[in-house]
Amino acid sequence: MTSGPSRWDQFSLRNQLTIVNVVLLALSLVIAGSGTTLLLRPTLVGQLDASLRSIAADPTLVLGGDASTGEFGFENIRTAPQPYYVAVVDDSGQVMVDNWEWQPRSVAPDLSTMELKFDSNSGAGFAIYELKDGLGAPWRAVVVPEDQYNSNQVFGTLIVAMPMSSVNATMASFLAIFFGFGLSVLIFAAVLTRMLVSATLRPLRKVESTAMNFAAGDYDQRLPEATPNTEVGRLSRSLNSMLGQIDSALNERDRTISQMRRFVGDASHELRTPLVTVRGYAELYRMGALDEPTKVGQAMDRIEGEAKRMGGLVEDLLQLARLDENREMAKDVLDLEPLVEDAAMDTRAQAPDRTIRVHPTVLVADEDHPYRPEETAFTDLPVETDAPTEPEPDTDAPEPVKGTTRGRLARVLRLRRRSSPGGPSEQPDATAETASEPLEGGEEFASDDDVPAMIYGNSDKVRQAIQNIVGNALRYTPEGTPIELGVVIDVTRERAIVEIIDHGDGIPEQSRAQIFQRFWRADTSRTRDTGGTGLGLAIVSAILQTHEGTVDVVETPGGGATFRLSFPLLMAPPVDEEPSTES
C-alpha cells in the first residue's frame, strides 16, 4: 500500500523555495550568533581580568591615596567605590576591613572559598579567582600580596573583585540586538525571496496556464519565446514542439476517425446493394418465382455480376488499407515514357474505336518561362495524327512570335518522340534545330537525351495509377473522343509529370477537390453501368503519396479534363569537368 504525498510535497514550488531559503538563512544566522557568543564572552572576561590586574598593579586607581607616595589607608578601603569590592584579609582569611559596611553581606563575594596564593606564572604576577556571592552571582577577583602594594597602615592581603554582571549585561545586549536584527533579516529575506521566486517562476506559471488551457481543449495554445540560453527558454521550446506534435497527432486522429467513419459508412453502403440483390434473387428462388430456366439463368448472371463487383470492391479496399499502412514496397529506377507508351497500347486494345495519342516528351528548362500548373504543356503542340507519314517542312512558315505560348515553347521546350506500338512511327524532332541553339540565359542542351524522365518508384503501382486515370477517361467520356498522353520533364522544379488528357464533359471546379476522396463519384445516380466503386482515384492519390508525388486535375482547353501525375525527377549529380586548353 503506497502512502500519500507528504505535507512537504503539498506545498507549491514557490513556498518550498521560500521556506528552504529562509531556513538556510536562519541556520546561518544561528551558527554565526553561536560562534560570536562563544568568542565574545571570553573576550569580555579577558578584558575584565586585565582591568583587575591593572588595579592590582596600582590600587590607587580605585582606592585613591597619597598621590606622591602611592600609599593608602583603611579609610581609603572603606570608601572604595562600588561595584568594586575591596577587602584586606589576614593570613587566616578573615576580613580585616572592606568597603561593604553599608551593603548586605548576601550580595558580597564569598572569600572563604579562596585559597590565597601568589600566581608567579601569571603574566601580571597576580592571581585571578572566580567567586560567587550569596545569591550565586559570579565575581572575578584579583589577589595582591602584602609586599606588592605600598601602605603604612594596612597589613595583609588585598583583594579587589568585580561582579560579572557587566559581562552578562553586555552578552544579553548583544544577544538581544543580534536576534532582533536576525529576525528582521529573516522577515526581509522571506519577503524578498518570495518576490524574487515569484518573478523567476513567472514563466513557469505561464507554462502551467498554457498546459491547463491545452488540456481544456484549446490546442492553439503556445508558449511565448523566452531567453534561448536559459532553462525556461529551452523548456518553452521543448513544450512548444511537444504541443505542436500533440496538436498534429490529435488533428490526425480526428481526421483518421472521421475518415474511418465515412469509409465504413460508404463501404457499408456499397456492399449493401450487391448483398441485397443476391438476397433478393435467393428469396425469389425460394418462393418459386424463378420457375423457368431462362429466369434462373438471368438471376444467376445478376448474382455473378454482383459478386464480381463486390469482390472488386473488397480488393480495392484491401489495397487502400495496405497503402495506408505505409508498407515498404519494392522500388527501382523507372522511365516514365515506356510506361506511358505501354498504357497507350493497352488502351488501344481495350477501346479500338478510340484515338489514343502519345505526345512527344516536353522538357521545360527556362526558369523565366516555367511550366504553368494551370494549363497543359501540350495545348499548343502540333496534334499527332495516326498516319505514319512524315510532314513536309514548311520553309515559308513564319518564325514563332516571341512572347506567345507557341513561340515560348519553340524557344524553351525540347521535343523528342518515340514510336509506340500500334501508333505512329518515329518522327524527327519538331524543334531539333531550335533545341540545339542556346536558350535564353546562356543555357544549351547538346543532345536529345540530356534529362530523361527517370523516377524512383514501383513499376506496377505507377502503371496502375496511369491505367486508373485512363480507365476513368474511357468510362466517363463519349465514345469516339480521343485520349492523349504525354510526359513533361520540369527541370526547374525537378518534377516528372504524366498528363492524361480527355475531351469529354470535364469536371466542375467545385468537384475537383473531392474526386480523390474515397467513394466519391460524380455520377450521383450511382448507376452500375457507368459508375464505379469510387475508389479508383483514391487509389491513385494513395499511390502518388507513397511516391512523394501529387495528382491534380485541370480543365482541358476546348473541354475535358487533364489529369497530371507528378513524381520527383531523378537528377544526376553535377560533374566537375576540367576546362579544355583548346577552347
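- Put simply, the side chain of L537 does not reach to within 4.5 Å of the side chain of N468, judged on heavy atoms.
- Of the residues L336, L565, V340, L544, the one that meets the side-chain contact (heavy atoms from CB on, under 4.5 Å) test with V462 is L336.
- At distances below 3.5 Å, at least one donor-acceptor pair connects side-chain atoms of H547 with backbone N or O atoms of N458.
- Side chain of D502 to backbone of A561: a donor-acceptor contact under 3.5 angstrom is found.
- A donor-acceptor contact shorter than 3.5 Å links the side chain of T546 to the backbone of I543.
- Distance alone, capped at 3.5 Å, is enough to place a donor-acceptor pair between the S248 side chain and the G244 backbone.
- For D247, the salt bridge (Lys or Arg N to Asp or Glu O under 4.0 Å) partners two or more places apart in sequence, or in a different chain, are R222.
- Partner L485 forms a side-chain contact (heavy atoms from CB on, under 4.5 Å) with one of I501, V498, I356 and no other, that one being I356.
- Between the side chains of T361 and E337, at least one donor-acceptor pair of N or O atoms lies under 3.5 Å.
- Shown here are the salt bridge (Lys or Arg N to Asp or Glu O under 4.0 Å) partners of R463, two or more places apart in sequence or in another chain: D342.
- The closest side-chain heavy-atom distance from Y456 to L569 is not below 4.5 Å.
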Inset, instruction - For the pair H503 and E484, evaluate side chain to side chain donor-acceptor pair (under 3.5 Å) and give the outcome as yes or no after the intermediate values. - result: CA-CA 9 Å; H503 299 276; E484 306 172 38; 2.5 Å; yes

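- Here the side chains of S459 and L339 are in contact, with some heavy-atom distance below 4.5 Å.
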Inset, instruction - Begin with the C-alpha distance, continue with both residues' side-chain angles, and end with the deciding distance and a verdict on side chain to side chain donor-acceptor pair (under 3.5 Å) for T347 and R354. - result: CA-CA 8 Å; T347 307; R354 297 283 188 125; over 6 Å; no

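- M212 CE: 12 or fewer foreign heavy atoms inside a 6.0 Å radius.
- With no hydrogens or angles considered, a side-chain donor-acceptor pair links N472 and R475 at under 3.5 Å.
- Remark: the backbone N or O of A473 is paired with a side-chain donor or acceptor of T477 at under 3.5 angstrom.
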Legend entry - side chain to side chain contact (heavy atoms under 4.5 Å, CB included) between I469 and V540, worked out: CA-CA 8 Å; I469 301 294; V540 173; 4.2 Å; yes

